[in-house]
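Sharing a structure here in structure tokens format.
Below, chains carry the letters A, B, ... as their sequence lines are ordered, and counting in each starts from 1. Keep in mind that the numbers below use all heavy atoms, side chains included, and drop hydrogens, waters and symmetry copies. Keep in mind the model is a prediction, meaning the values are calculated, not measured.
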Number of protein chains: 2
Amino acid sequence: MQTISAPHVMQFPAWMARGAARQSDTRPASAPNEARRSFAKEAGIFTQGDQAQSYYRVMAGTVRTYRVLSDGRRQIDAFHVPGDIFGIEMGEVRSMSADAVEPVTLLQYRNQPLAELATDDPEFAQQVMGAMLQALERAQAHIMLLGRKSAVEKLATFLLGIADRLSGLGCVDLPMSRIDIADHLGLTIETVSRSLTQLERARYIELPAHRRSIILKNISALRRLDS
Amino acid sequence: MQTISAPHVMQFPAWMARGAARQSDTRPASAPNEARRSFAKEAGIFTQGDQAQSYYRVMAGTVRTYRVLSDGRRQIDAFHVPGDIFGIEMGEVRSMSADAVEPVTLLQYRNQPLAELATDDPEFAQQVMGAMLQALERAQAHIMLLGRKSAVEKLATFLLGIADRLSGLGCVDLPMSRIDIADHLGLTIETVSRSLTQLERARYIELPAHRRSIILKNISALRRLDS
DNA sequence: CGAAAGTTTGAGGCACTTCAAAGGGCGTGG
DNA sequence: CCACGCCCTTTGAAGTGCCTCAAACTTTCG
């Protein structure tokens with residue numbers, strides 16, 4: 001049984017606090033707090049360990065965010081497509097890296113105290129909150145995938161999800177390589193390839209020649225694998 | 001290459017919207033929006049599919065939140081200990097279940113529009129934001145664990161994390177069973193047990209008789225496994 | 001057209017699972 | 001206080017899904 005002692009003080013991001021000290025706070029308060037930025041394919045957007053001073057909304061392209069262990073093992077926690085917000089951090093330092101899977105256009109937002117944001121632009125504040133909750137929900141679904149699903153089930157779930165977000169079910173043009181998929185699903189590229197072949201042989205999907213687009217032939221069967 | 005079409009409209013939780021319709025909104029606006037609730041060991045707090053009308057802060061005890069696949073496979077996404085906030089949902093329906101690992105005391109908060117909360121009690125609004133970000137950060141770390149770590153590494157990471165949160169490093173009194181640990185780490189109970197034995201034989205930990213407390217003997221070695 | 005990179009396929013190995021049984025703790029009742 | 005039974009945990013043995021290593025194939029791009 002837990003002691004009934006005072007609950008730990010809840011941490012919260014320093015930059016959210018009203019009046020938190022920030023460098024380069026010389027911009028006029030009225031200036032739009034956003035900047036358009038573009039990145040080439042495979043370009044880094046930020047890196048584990050960087051100072052976290054802003055977050056982003058994807059306008060075009062696909063971004064991957066990931067962590068790397070000391071020995072090089074990589075885990076991609078999410079792909080971000082147009083409309084998604086990513087890069088909000090708890091601490092002052094990046095816990096993740098991000099880079100462009102394909103050419104990307106982003107809107108960059110400087111971190112800003114929540115109270116200020118809620119006052120200045122309540123609708124946008126809502127969207128930011130919503131983005132955080134959506135990221136959390138997706139992370140939780142991904143935890144289920146990684147912890148308890150087989151390789152084929154992982155692929156089925158992934159294909160349904162990415163198709164839905166990128167193009168609507170039916171056909172996807174995958175922006176990412178097999179390596180990226182493997183590092184997202186906790187598999188090796190060989191297992192990704194074999195599982196796709198397996199889904200193709202079962203007539204659940206079709207793999208056209210250039211290997212980057214995938215046609216979902218039997219969506220209800222894929223959903224069944226998705227449980 | 002992505003089309004540069006208008007980004008998807010960002011979803012956000014309906015209950016956050018100012019003026020969102022809510023049932024039973026007859027309570028006076030000034031009433032404290034919190035209620036103390038207690039649950040017995042193994043009691044359910046909410047279930048996948050329920051209406052999500054509130055969230056909780058743990059005062060005492062330990063809570064697990066989890067998803068279950070149609071065939072019964074379970075994945076515990078997190079354990080929540082005193083000070084933690086859990087149960088904030090994106091949609092109107094619970095995507096997770098929660099129950100008490102041991103006797104639990106909670107504070108229950110009704111969902112409330114963000115703008116209202118930010119005005120009424122900005123400090124608490126910060127804490128809620130912080131709780132969401134902390135949950136996200138932990139989920140991301142857990143994704144790395146599930147996707148890329150070996151069984152022994154998973155145990156090392158888990159023990160360091162839970163000890164730190166429950167009692168400070170050195171010694172933990174685990175509130176949860178091996179089954180819970182297995183379903184959290186994406187393993188079977190047998191593998192959990194074998195990995196603990198392995199850590200014990202390496203003199204990294206010690207397992208006293210009653211099997212529920214664990215002494216961390218070699219924290220730096222455990223951290224090395226944690227990468 | 002040729003080189004390079006990405007993907008698929010094959011063979012063998014290993015980490016973790018599955019199935020099975022034995023070994024404690026703990027509470028109850030004698 | 002000890003004996004009994006239940007449940008949780010540990011240990012063992014065999015199986016398997018995914019990984020590793022290796023090579024062939026395909027697509028892309030200079």
Nucleotide nearest B:E190 (side chain, heavy atoms from C-beta), chosen from D:dC8, D:dG12, D:dC21: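 Comparing D:dC8, D:dG12, D:dC21 against the side chain of B:E190, the answer is D:dG12.
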Distance below 4.0 Å between B:S193 side-chain N/O and D:dT9 OP1 or OP2: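 Result: no.
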Contact under 4.0 Å: A:T188 side-chain N or O vs D:dC18 OP1/OP2: no
Lys/Arg-Asp/Glu bridge criterion (N-O < 4.0 Å) met for B:D84, B:R138: yes
Most 5' of A:A209 and A:S150 on DNA chain D, judged by nearest nucleotide: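 Residue closer to the 5' terminus by nearest nucleotide: A:S150.
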Under-4.0 Å side-chain N/O to phosphate OP1/OP2 contact, B:S177 with D:dC8: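 Answer no for this pair, as no side-chain N or O of B:S177 is under 4.0 Å from OP1 or OP2.
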Main-chain N/O of B:A52 paired with B:N111 side-chain donor or acceptor, under 3.5 Å: yes
Contact nearer the 5' end of DNA chain C, comparing B:L187 with A:H210: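 Nearer the 5' end of the strand: A:H210.
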A:R194 side chain near D:dC18 phosphate (N/O to OP1/OP2, under 4.0 Å): no
Length of the line joining B:I214:CD1 and D:dT10:C1', which is rounded to integer Å: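 These atoms are roughly 14 Å apart.
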Nucleotide C:dC16, atom P - distance to CZ of B:R148 in whole Å: 13 Å
Shortest side-chain distance from B:T197, nucleotide among D:dT11, D:dT9, D:dT20: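 The closest nucleotide is D:dT11.
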Separation of atom CD1 in A:I189 from atom P in D:dT20, rounded to whole Å: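 Taking CD1 of A:I189 and P of D:dT20, I get 11 Å after rounding.
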Interatomic distance where CZ belongs to A:R201 and C1' belongs to C:dT9 [whole Å]: 9 Å
Contact under 4.0 Å: B:T191 side-chain N or O vs C:dA15 OP1/OP2: no
Nearest-Å distance for atom pair CD/P, residues A:Q198 and C:dG10: 13 Å
D:dT10 OP1/OP2 closer than 4.0 Å to side-chain N/O of B:R211: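 Yes, within the criterion.
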d(CZ, B:R212; C1', C:dC26) in whole Å: 12 Å
Plane angle bin for B:H184 and B:F158 - parallel if under 30°, tilted between 30 and 60°, otherwise perpendicular: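 Taking B:H184 first and then B:F158, their aromatic rings stand perpendicular (interplane angle over 60°).
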Charged N-O contact under 4.0 Å between A:R64 and A:D183: no
A:L146 CG - D:dC18 C1' separation (whole Å):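 One finds 14 Å between C1' of D:dC18 and CG of A:L146, rounded.
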Euclidean distance, atom CG of residue B:D180 to atom C1' of D:dC8 [Å, nearest integer]: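 Interatomic distance, CG of B:D180 to C1' of D:dC8: 12 Å.
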Any donor-acceptor N or O pair under 3.5 Å, side chains A:T62, A:H80: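 Per modelled atom types, A:T62 and A:H80 side chains form no pair under 3.5 Å.
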